[in-house]
Amino acid sequence: MELSKNYIPGPIEQKWNEHWKTKKYFKSSSADKRPAFTVVIPPPNVTGVLHMGHTLNETVQDILVRKARMSGFNACWVPGSDHASIATEAKVVDMLKREKGIDKKDLSREEFLKYAFEWKEKYGNIIYGQIEKLGCSVDWDRVSFTMDDHYYKAVIKVFVDLYQKGMIYRGARMINWDPAAKTALSDEEVEYKDVTGKLYYIKYAISESQNAVGGREEDYITIATQRPETIMGDVAVCANPHDQRYAHLKGKKVFVPLINKEVPVIFDEYVDKDFGTGILKITPAHDINDFNIGLKYNLPVVDTLNADGTLSEAAQIFIGEDRFEARKKIVEELREKGLLVKEEEYQTRMGYSQRSSAVVEPKISTQWFVKMKELAQPALEAVTSGDINIHPGEKFNATYKYWLENVKDWCISRQLWWGQQIPAWYDEEGRFVVAETEQKAKEIFNTQYSIINAQLKQDEDVLDTWFSSWLWPIEVFKGITEPNNNDINYYYPGAVLVTGQDIIFFWVARMIMAGMEYMKEKPFSDVYFTGMVRDKMGRKMSKSLGNSPDLLTLIHEYGADAVRFGIMISSPAGNDLLFDESSLEQGKFFNNKLWNAMKLLKMWEEGRRLNAEGSKLKADSGSQFAIKWFRSRLNEARNEVETLMKQFRLSEALKTIYSLIWDDFCSWFLEWIKPEYGSAIEQEVYENAVSFFEELLHLLHPFMPFITEEIYHLVKEQEDDLTVKQFAPVAKADMHLLVAGEKLKAIITAIRDTKNKNTIKPKEVISLFIETNDTASYQPIKEILLKQTNSDHISFNETPDTSSIMIVVGNEKFYIQSNTAVDTSVQKEQLNKDLNYLKGFLISVDKKLSNDKFVQNAKPEVIALERKKKQDAEEKIKVIEETLAIL
RNA sequence: GGGAGCAUAGCUCAGUUGGUUUAGAGCAUCUGCCUUACAAGCAGAGGGUCCGCGGUUCGAACCCGUGUGCUCCCACCA
């Protein structure tokens, strides 16, 4: 077969995806006897396509899942997507307007949902396609969507259940209002940004003074506010009772400017004497603090804003104008009337809607809430007791704990259509009951209010999207709708959840709550937080900046394996990573390295020398040493990788494998066993090399599944597929062989370096003379040493010509004899450099050893090690000094 | 205003119970190679006051304190 010069990923990836699918390798059944390894995908929103953050997430999950599958687990990775109520609804509304010229208000709920489901179909499929292209080994028969029929029912069931337990209530509270999406938001959906705002100082006339307007300075008080457009909602002004400046106002009233509404002056400790003018306007409808003060003093609430952020009739002036337009006009009018004392710049934080980016408006509104305190307790314990482990824990345990300890009630109703409609039913008098169906609601009305066949209307609102996704680890196995079914019993709890740290409160904490409440058990044992993917300049990847590359374009350009490699190689758990395409390129080069190693083995296969039956490899042959050494090196690395994977240190595991393959296998091992040009490789050597290669592919497969599967089949005819293959457990490495291997590498490198520094061409044949008192140790490595340094001769403890170059490796002396004229100054320079280093080193060791306290306190093995270091250094110094003396 | 994290080579980062050398890797740089697996490569090399200061210790990149500079989370000061 003709093999291409370089690895071409496209067709190969497609081939294996199809093959794996046909073989149903990633299908998992609860009838299986093996232990389960369950992972549920954080369902991507059906708002668009996958970005680099998803790519990192899915890759991490796939590595863990494939690793488990290849280690004897019944791995089950559930794919799916999230309806993302507000985010998707906004996109659909936007699309309808732009592409079809349709306004949402002209559609019925049913018509709108039809469009929304079409949207979901389209983008859901794009996302699933991307997940597949990336090589994710998910079970496509289990694909779930948070608005699937059973899922919808589960959400309703949980709502009704929590209501009946008294953990859901309906009430008027101050909530975060998104005037663009015209819906309530939870506290978590508000993002705060630092902005430079303005503080306006406005004069309020004291009513008992002679004249409300135009009087003397002392007839006014000045109040600072950021929001002059809300003054019409003022119901009082408030000062600190200990503030002497305002003591004279006790029992007085003031006029709200422009509308000349008379409001009382009240006193409360809440007011900070030193901020602004020390006096505060109270606007209960538009500020949470004011609302609380209003409650305390039983003040009325005047809501001067409409749902869309325009001024309402209650404002009396500028009715229908946008709140920010109105602000400008009011400031202008105040200035004209001489009621604006000054305006100054002011650093503040403003809340923005996570979805629509509109400035969030505090608003009193009747909404549905979940009581969180009770739910939070078991979820807190699950983490503090160590039942659930967060990685990296030191960074997130505290955050998690703090949030749960201070959790507030969760506003779950949204004034939208896309989502699970709240199962509350109202009669004409506004009485309501909560029930899963209208029929059941009627029955309750019948028993509760003795109304037969009540005319009921369902609550218009839908539930927060997170109120459905918190059931994800349970309901993807129908654990809510069909409790105790085989799947949920077998697959729950999951092994590990991999997600971004930004949704720790939105999702992770709430999933744990739901798990503890409905399964009486944690939903997963480990949580792995990935960092945020940023661009090279450290900026967040975002559509608006245009710095987020398209996943399919990247896969097309580099191949899925290279994309996976590139994103994994520099992303330790929890740390942000700066995405740089050069790491993808590194992945592409690595593909090629593997491809070419395979080609070399194929070449050897064709020309290999089949040993006569029973014949053994010659003792002390270079190949024999190479095989023994690499066996040890491979064992050592496999053990390392095993440990790293258990600790979720995936990028380090990948680095270990990368260097094992590139350096130890390709650069050393393959070169050591490479036969002379024109001669064939021995059968036994060839077979060992292939079997090592297979083991390496196995090790790498979870990270780079496509190329490893392809090469696994190309290098040798196989009866099985790598993706489901298990390898024998790893044995311990032989330390003596590892040390011998390192020594051999050091000698080869030193000799090559010396040739290089002395301008001896690498190809030029040299002779080696070695001064050693351990000649025997050179027997197994002699052959390799000759070949790798291009030497034709090696002799021990013989005196070479005076023209040879002397170097020191370890504490042994090497002479290199060549035909090239030798410049002794180069050697001297090198030797002197080494000597200086060693002398400095010796001083530092001596310092330690001559310190009595060190000798008394340090562990015996540490002291022994230092003594050994001292001895080695001294020997080496001696050898170098001898050499220099000769020169 | 509270809390957390980070600071190591030009760049991106490892360095997990304080003692394997006077600190490692990849990329980038430099030198030499068109060697029959791979120029998407091979063989080498150079490059660091481990952010500053102080402390604990026989011994600190690592532990403690402090300063500086970034990043993130939480919080109702008009």
Side-chain angles (χ1 to χ4, degrees), chain A residues 3 5-7 174 192 199 223-227 238 270-272 274-283 287-292 346 348-349 362 392 394-399 402-403 406 501-502 504-505 532 534 536 538 569-572 574-578 580 582-583 585-586 588-604 647 649 651-652 655 658-659 666-667 670-671 674 677-678 748-749 752-757 759 761-763 788 790 837-838 840-841 843-845 847-848 851-859 861-863 865-866 868-869 872-873:
Chain A
L3 292 169
K5 188 166 153 58
N6 290 324
Y7 176 64
M174 181 67 88
Y192 291 90
L199 207 51
I223 295 179
T225 178
Q226 289 184 67
R227 305 204 54 195
C238 186
Y270 167 78
V271 179
D272 180 354
D274 301 320
F275 189 90
T277 58
I279 192 156
L280 176 64
K281 75 189 195 71
I282 304 295
T283 321
D287 185 283
I288 179 70
N289 306 304
D290 294 12
F291 178 71
N292 290 333
Y346 178 64
T348 185
R349 286 169 71 78
E394 59 286 2
K395 207 165 169 179
F396 295 111
N397 277 332
T399 315
Y402 182 84
W403 188 76
N406 298 283
Q501 52 190 268
D502 49 333
I504 182 167
F505 308 134
M532 202 183 296
R534 298 168 177 279
K536 256 194 280 192
I569 197 70
S570 61
S571 72
N575 282 1
D576 287 359
L577 80 113
L578 304 190
D580 187 343
S582 72
S583 66
E585 196 169 42
Q586 195 188 341
K588 190 167 123 182
F589 295 168
F590 187 35
N591 276 331
N592 205 44
K593 191 70 184 173
L594 289 160
W595 181 254
N596 279 292
M598 179 273 296
K599 270 169 60 187
L600 180 63
L601 289 170
K602 288 305 281 184
M603 233 180 71
W604 287 347
Q647 298 170 322
R649 293 158 69 183
S651 65
E652 280 170 74
K655 276 177 191 166
Y658 176 81
S659 152
C666 293
S667 295
L670 288 180
E671 295 300 329
K674 191 183 260 183
Y677 179 61
I748 293 168
T749 302
R752 284 172 176 169
D753 181 33
T754 306
K755 285 176 90 171
N756 195 353
K757 285 208 171 79
T759 65
K761 295 269 178 227
K763 272 196 280 188
Q788 295 292 286
N790 236 328
Y837 173 87
L838 282 165
F841 175 61
I843 289 167
S844 79
V845 177
K847 219 159 92 186
K848 272 189 204 170
N851 186 329
D852 288 342
K853 286 185 180 168
F854 172 72
V855 180
Q856 282 162 23
N857 295 321
K859 280 180 266 180
E861 58 264 34
V862 173
I863 298 172
L865 190 71
E866 292 298 317
K868 174 89 171 35
K869 283 194 222 163
D872 287 351

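Just so it is clear, the model here is predicted, and its values are computed rather than measured. We name chains A, B, ... by the order of the sequence lines, and we start the count at 1 in each one.
Taking a pair as Watson-Crick or G-U wobble with both distances under 3.5 Å, the runs of three or more consecutive pairs in RNA chain B are B:1-7 with B:68-74, B:10-13 with B:24-27, B:29-33 with B:41-45, B:51-55 with B:63-67.
As a whole-Å value, the separation of A:L280 CG from B:C77 P is 13 Å. For A:R227 and B:C77, the CZ to C1' distance is 16 Å, given to the nearest whole Å. At whole-Å resolution of the value, CG in A:N596 and C1' in B:U35 are 15 Å apart. The interatomic distance linking A:W403 (CH2) with B:C72 (C1') rounds to 18 Å, in whole Å. One can place NZ of A:K853 at 5 Å from P of B:C58, the figure rounded to the nearest angstrom. Across the protein-nucleic acid pair, A:N790 atom CG and B:C33 atom C1' stand 13 Å apart, rounded to whole Å. Note: CG (A:N292) to C1' (B:C77) measures 13 Å, nearest angstrom. Computed from coordinates, the A:I569 CD1 to B:C27 P distance equals 10 Å when rounded to whole Å.
Taking the side-chain contact (heavy atoms from CB on, under 4.5 Å) definition, one finds that A:K853 meets it with A:N851, A:N857, sequence neighbours left out. Looking at residues two or more places apart in sequence or on another chain, you find no salt bridge (charged side-chain N to carboxylate O under 4.0 Å, His left out) involving A:K588. Evaluation of the salt bridge (charged side-chain N to carboxylate O under 4.0 Å, His left out) rule for A:E585 yields no partner, not counting sequence neighbours. Taking the salt bridge (charged side-chain N to carboxylate O under 4.0 Å, His left out) definition, one finds that A:K655 meets it with nothing, sequence neighbours left out. For the ring pair (Phe, Tyr, Trp, His ring centres under 6.0 Å) test, no residue two or more places apart in sequence or in another chain qualifies with A:Y402. Residues passing the side-chain contact (heavy atoms from CB on, under 4.5 Å) test with A:D580, sequence neighbours excluded: A:K536, A:S582. Residues forming a salt bridge (charged side-chain N to carboxylate O under 4.0 Å, His left out) with A:K281 (at least two apart in sequence, or on another chain): A:D234. For A:F505, the side-chain contact (heavy atoms from CB on, under 4.5 Å) partners two or more places apart in sequence, or in a different chain, are A:E188, A:T399, A:W403. Not counting sequence neighbours, A:Y192 has no partner by the ring pair (Phe, Tyr, Trp, His ring centres under 6.0 Å) test.
The gap from the P atom of B:C53 to that of B:G47 amounts to 23 Å, rounded to the nearest Å. Nucleotides B:A9 and B:G15, compared at atom P, are 15 Å apart to the nearest Å. Comparing B:U22 with B:U68, their C1' atoms sit 28 Å apart, to the nearest whole Å. Comparing B:C51 with B:U12, their P atoms are spaced 15 Å from each other, to the whole Å. With both ends at atom P, the span from B:C63 to B:A45 equals 33 Å, rounded to whole Å. The gap from the C1' atom of B:A23 to that of B:A14 amounts to 11 Å, rounded to the nearest Å. Of the C1' atoms belonging to B:C62 and B:A75, the separation is 34 Å, rounded to the nearest Å. Across the C1' atoms, B:A60 and B:U8 are found 14 Å apart, a figure rounded to whole Å.
Side-chain proximity of A:F589 to B:C74, B:G32, B:G41: nearest is B:G41. Of the candidates B:A40, B:A78, B:U16, B:U16 carries the atom nearest the A:E652 side chain, counting heavy atoms from C-beta on. For A:R349, counting side-chain heavy atoms from C-beta on, the closest listed nucleotide (B:C13, B:A75, B:A37) is B:A75. The side chain of A:N6 sits closest to B:A40 out of B:A40, B:A37, B:A78. The side chain of A:N592 has B:C38 as its nearest neighbour among B:A37, B:C38, B:G32.
At a threshold of 4.0 angstrom between heavy atoms, the contacts of A:Y402 are confined to the sugar-phosphate backbone, with no base atom among them. Across all strands, A:K281 comes closer than 4.0 Å to no nucleic acid atom at all (heavy-atom distances). Across all strands, A:I288 comes closer than 4.0 Å only to sugar-phosphate atoms, never to a base (heavy-atom distances). The residue A:K588 sits close to a base: some heavy atom pair falls under 4.0 Å. Residue A:V271 is classed as a base contact, given a heavy-atom separation below 4.0 Å to a base.
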Between the protein and nucleotides 59-65 of chain B, list the N/O to N/O atom pairs that are separated by less than 3.5 angstrom.
none

Dump the pairs, protein N or O against N or O of nucleotides 42-47 of chain B, anything under 3.5 Å, distances to one decimal.
{"residue": "B:C42", "atom": "OP1", "partner": "A:K593", "partner atom": "NZ", "Å": "2.6"}
{"residue": "B:C42", "atom": "OP1", "partner": "A:W662", "partner atom": "NE1", "Å": "2.8"}
{"residue": "B:A43", "atom": "O3'", "partner": "A:R752", "partner atom": "NH1", "Å": "2.9"}
{"residue": "B:G44", "atom": "OP1", "partner": "A:T749", "partner atom": "OG1", "Å": "3.3"}
{"residue": "B:G44", "atom": "OP1", "partner": "A:R752", "partner atom": "NH1", "Å": "3.1"}
{"residue": "B:G44", "atom": "O2'", "partner": "A:D753", "partner atom": "OD1", "Å": "2.8"}
{"residue": "B:G46", "atom": "OP1", "partner": "A:K833", "partner atom": "NZ", "Å": "3.4"}

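A:I569 is listed as a side-chain neighbour of A:S583, based on a closest heavy-atom distance under 4.5 Å. A:Q501 has its side chain out of reach of A:M532: every pair of non-hydrogen atoms, C-beta onward, lies at least 4.5 Å apart. No side-chain heavy atom of A:M174 sits less than 4.5 Å from a side-chain heavy atom of A:N292.
Heavy-atom minimum distance, A:C666 versus A:K593: CB-CE, 3.7 Å. In terms of heavy-atom proximity, A:N592 sits nearest to A:K5 at OD1-O, 4.2 Å.
Applying the 90° criterion around 0 to the glycosidic angle, B:U22 comes out syn.
Residue order along RNA chain B, read from the 5' end via each residue's closest nucleotide, puts A:L838 first among A:L838 and A:S582.
Considering only side-chain N and O atoms, A:K5 lies under 4.0 angstrom from the phosphate OP1 or OP2 of B:A39. Not one side-chain nitrogen or oxygen of A:Y192 sits closer than 4.0 Å to the OP1 or OP2 atom of B:C73.
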